[in-house]
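For reference, the structure is listed below as structure tokens.
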Amino acid sequence: MSSKRHILTAVAWPYANGPRHIGHVSGFGVPSDVFARFQRMSGNNVLMVSGTDEHGTPIQVLADQEGVSARELVDRYNRIIAEDLVALGLSYDLFTRTTTANHYAVVQELFTGLHRNGYIFSKTTKGAISPSTGRTLPDRYVEGTCPICGYDGARGDQCDNCGNQLDPIDLINPRSKINGETPEFVDTEHFMLDLPAFAELLGDWLKSKQGQWRPNVLKFSLNLLDELQPRAITRDLDWGVPIPLEGWRDQPNKRLYVWFDAVIGYLSASIEWAKRSGDPEAWRKWWQNGEAEAFYFMGKDNIVFHSEIWPAMLLGYSGQGARGGEPGSLGALNLPTEVVSSEFLTMEGRKFSSSRRVVIYVRDFLERYDADALRYYIVAAGPETQDTDFTWAEFVRRNNDELVAAWGNLVNRSISMAAKNIGHIPEAGELTDVDRAVLDASKAAFTTVGERLNRAQFKAALQEAMRTVAEANKYISDQAPWQLKKTDPKRMATVLHVALQLVSDAKTLLTPFLPASSNKVYEMLGGQGTWTGMPRLEEVTDSIGGEDGVSTYPVITGDYADNEARWESIPIVPGTPLKPPTPLFRKLDQSVVDEELARLEEAAG
RNA sequence: GGGCCGGUAGCUCAGCAGGUCAGAGCAGGGGACUCAUAAUCCCUGGGUCGCGGGUUCGAGCCCCGCCCGGCCUACCA
């Protein structure tokens, strides 16, 4: 554990068709940040990248509905999403977007490499297009009468009434779900990624992860291998990355499929980060170093893209599929070390749905409550290994009983006793067995909590960390330093010293989960410098997107390398002045539950 | 239709490779204390582990069937 590891923390790219809700950030956002912060504190070299995913039919359709360009739409939501993720304290080294010149170039390079190695071939298929726009009409955007059961609301891919799988061309009276017009079925040529060429390698790779990955991810992925088929990676659409081949590059209505370009974002964002950091080759340490590790975080709906398609693309580009080949000009690229998937968060028993307005947006949440309160809830009660339900009653309870009453109160009672009675961090006198035992337990927690964090078991890690908080509260109650004030002031000083050391340790243990409030505790204890870095928005320029060919956009970045936070018990310094503390967390009134439920009912109408 | 996951005390959830596995937190009840945002600490109640079969000396944990919920099903991400 002494050598520094290179750890890529690859975070799923939120789709820029609207603001993100708390279900989204509980899947990819908070878990990835807890992991990255812990790894940095452990002394490892972390590169945490992501961005907004901005291409594809849904964005084009939404833009048309609103009467704006796709570019205008994604500019709007890219900014909103980036602001929300900063507000949550997610410590991206770079959070960018898929509509940058750099991303286009890297995507085209990957395509070219895969094509040259023979893993991409073209095929003519019959597909539905919208006569008025010429764009592909995805199967689910075609409606009509089911040829099997006669149900009128069948979609092009499936009939919701009889459950049969359909082909859109078989629908009776097909119509576009977007504008009602009758789709045309035309021959259209598309490129396919030859996934079967990777089936064997993927299978070996996945089997080597037994016992390491969460079992649901592994089982799901292995099962998919049986039915691996070539997958189309282009669309009839003008909103996307152009296809970098003669005869295709300038076709206005052929673009790479949004999923093909989105997963490449992990690589393009790493390269963009390196360029902006002043060392354009620096990304290679996380992608081509044989020792480097790559952890990918996402919700369960994204597993297939990270355990099958993206690995296949990486293998093919590196010249390692059934057809062999040579690595592209970037060189061979690493496969994921681990694919960490969360399940889904439901909302008061219902599935989140923006369209039905069963939703709590990150922005709305953070306007009324603190980021650490949400982060705490997501880790403690979020969908780590199975779907879980968000309820306002449980949120208020967790906030009040666990954050405020247990942890906040421990900080408050310890520091205020020391500040009022002594005025600074007291020197410890002779330690009793009880003192030593509780201090040892606190030190040991760095190992137990750390082991769980290393294995992406966040819920268990937080439970262990909170156990030290309970032990510290018990220690103080048992030792009753307030009773020692007159009888044995030296002993009181020792007890308070021990208590403050426990507070300091607990603060360190909780830092990955609760960075903002941990910084506050660090300051309360007289710490100097930055304990753990917080992200910031920065405006940068790009050579595409703007009217004159130049645009600016916000990225998330931050300085996390020179922080004071380290994953170990750091001795407190006697003599450090202490001021009476202010409360660490806000206690929420029970009325919050009714207010929020009423708000939800009103919105859902 | 197929694949995967889940259905454990009033509530939210743990139970890692079958034999102290029937648990934690909260809510409820009793007590201690007063440093602290009336917070803390101790004790306590007890649920046919979705339903029906089966394997086993022994099954929440394995197998089969069924019911309910979620995700995916490859042109919605």
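Numbered from 1 within each chain, the chains take letters A, B, ... in sequence-line order. All values below were derived from every heavy atom in this structure, side-chain atoms included, with hydrogens, water molecules and symmetry-related copies excluded.
Distance, A:Arg20 CZ to B:A77 P: 13 Å, rounded to whole Å. Protein atom CG of A:Asp589 is 13 Å distant from nucleotide atom P of B:A38, rounded to whole Å. Per the geometry, CG belonging to A:Leu462 stands 14 Å off C1' belonging to B:A14, to the nearest Å. Here B:C71 presents its P atom at 18 Å from CG of A:Asn223, a figure rounded to the nearest Å. Spacing between atom CD of A:Glu343 and atom P of B:C5 amounts to 10 Å, rounded to whole angstrom units. If you take CZ of A:Arg97 and C1' of B:A77, they are 17 Å apart, rounded to a whole angstrom.
Residues A:His103 and A:Thr98 have side chains that never bring a donor and an acceptor to within less than 3.5 angstrom of each other. Of the N and O atoms on the side chains of A:Thr124 and A:Asp187, not one donor lies less than 3.5 Å from an acceptor on the other residue. Remark: the A:Trp407 side chain and the A:Tyr376 side chain contain no N/O donor-acceptor pair separated by less than 3.5 Å.
Residue pairs meeting the salt bridge (charged side-chain N to carboxylate O under 4.0 Å, His left out) criterion with at least one partner in residues 487-496 of chain A, sequence neighbours excluded, are A:Asp435-A:Arg491. The list of ring pair (Phe, Tyr, Trp, His ring centres under 6.0 Å) pairs with a residue in residues 383-404 of chain A, not counting sequence neighbours, reads A:Phe365-A:Trp392, A:Phe365-A:Phe395, A:Tyr369-A:Trp392, A:Tyr369-A:Phe395, A:Tyr377-A:Phe390, A:Phe390-A:Trp392, A:Trp392-A:Phe395.
Ring centers of A:Phe191 and A:Trp248: under 6.0 Å apart, within the cut-off. Residues A:Phe513 and A:Phe458 keep their aromatic ring centres 6.0 Å or farther apart.
Nucleic acid contact class of A:Ser416 (heavy atoms, under 4.0 Å, all strands): sugar-phosphate only. Heavy atoms of A:Tyr15 sit under 4.0 angstrom from primed sugar atoms or phosphate atoms, though from no base atom. At the heavy-atom level, A:Lys485 lies nowhere under 4.0 Å from the strands shown. No contact: A:Asn421 has no heavy atom under 4.0 Å from any strand. A:Leu584 comes within 4.0 angstrom of a base, heavy atoms only.
For A:Lys209, the NZ atom sits in a packed shell: over 12 heavy atoms of surrounding residues, nucleotides or ligands are nearer than 6.0 Å.
Regarding contacts with the backbone of B:A38, every side-chain N or O of A:Lys587 stays at 4.0 angstrom or more from both OP1 and OP2. Distances shown here put a side-chain N or O of A:Lys219 below 4.0 Å from the OP1 or OP2 atom of B:C5. One finds no side-chain N or O of A:Arg397 lying less than 4.0 angstrom from the OP1 or OP2 phosphate oxygen of B:C26.
Contacts of A:Asp84 classified as salt bridge (Lys or Arg N to Asp or Glu O under 4.0 Å), with partners at least two apart in sequence or in another chain: A:Arg363. Annotation: salt bridge (Lys or Arg N to Asp or Glu O under 4.0 Å) contacts of A:Glu384 (sequence neighbours excluded): none. The side-chain contact (heavy atoms from CB on, under 4.5 Å) search around A:Pro183 returns A:Ala128, A:Leu137, A:Val142, A:Pro174, A:Phe185, not counting sequence neighbours. In terms of the salt bridge (Lys or Arg N to Asp or Glu O under 4.0 Å) criterion, A:Glu471 has no residue partners (sequence neighbours excluded). With sequence neighbours excluded, the residues satisfying salt bridge (Lys or Arg N to Asp or Glu O under 4.0 Å) with A:Glu343 are A:Lys300.
A distance of about 37 Å separates the C1' atoms of B:C63 and B:C26, rounded to the whole Å. B:C35 and B:C41: their C1' atoms are spaced 13 Å apart (whole Å). Taking the C1' atom of each, B:A22 and B:G60 are spaced 9 Å apart, rounded to whole Å. For the P atoms, the distance linking B:C5 with B:C62 amounts to 10 Å, nearest Å. Only the P atoms considered, B:G58 is 48 Å distant from B:G31, to the nearest whole Å. Using C1' as the reference atom, B:G69 and B:G28 are 30 Å apart when rounded to the nearest Å. Only the C1' atoms considered, B:G25 is 15 Å distant from B:G15, to the nearest whole Å. Here the separation of B:C61 from B:G18, taken at their C1' atoms, is 6 Å to the nearest Å.
Remark on RNA chain B: of its neighbouring residues A:Lys474 and A:Pro583, the 5'-side contact belongs to A:Pro583, judged by nearest-heavy-atom nucleotide.
With hydrogens and angles disregarded, no donor-acceptor distance shorter than 3.5 Å links the side chain of A:His24 to the backbone of A:Gly27. Of the possible donor and acceptor atoms, one in the side chain of A:Arg214 sits under 3.5 Å from a partner among the backbone N and O of A:Ser341.
Look at B:G60: its glycosidic torsion is within 90° of 0, and that puts it in the syn range.
Salt bridge A:Arg231/A:Glu308: absent, no basic N to carboxylate O contact under 4.0 Å. Electrostatic pairing of A:Arg586 and A:Asp372 does not count as a salt bridge here, judged by no charged N lying under 4.0 Å from a carboxylate O.
Note on ring orientation: taking the six-membered ring where Trp is involved, the planes of A:Tyr119 and A:Phe198 are tilted (angle from 30° to 60°).
Residues of residues 401-415 of chain A that place a heavy atom closer than 4.0 Å to RNA chain B, in numerical order, are A:Asp401, A:Glu402, A:Val404, A:Ala405, A:Asn409, A:Asn412, A:Arg413. If you check residues 297-307 of chain A against RNA chain B, the residues with a heavy atom closer than 4.0 Å are A:Lys300, A:Asp301, listed by number.
Helical stems of RNA chain B (runs of at least 3 Watson-Crick or G-U pairs, donor-acceptor distances under 3.5 Å) are listed by first residue: B:1-7 with B:67-73, B:10-13 with B:23-26, B:28-32 with B:40-44, B:50-54 with B:62-66.
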Shorter than 3.5 Å, N or O on both sides, protein versus nucleotides 28-34 of chain B: list them out with atom names.
unit_1: B:U34; atom_1: OP1; unit_2: A:Gln483; atom_2: NE2; d: 3.4

Atom pairs, N/O to N/O, protein against nucleotides 8-13 of chain B, distance under 3.5 Å?
unit_1: B:C13; atom_1: OP1; unit_2: A:Asp389; atom_2: N; d: 2.8

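When the nucleotides B:A77, B:C35, B:C5 are ranked by their closest atom to the side chain of A:Tyr257, B:A77 comes out on top.
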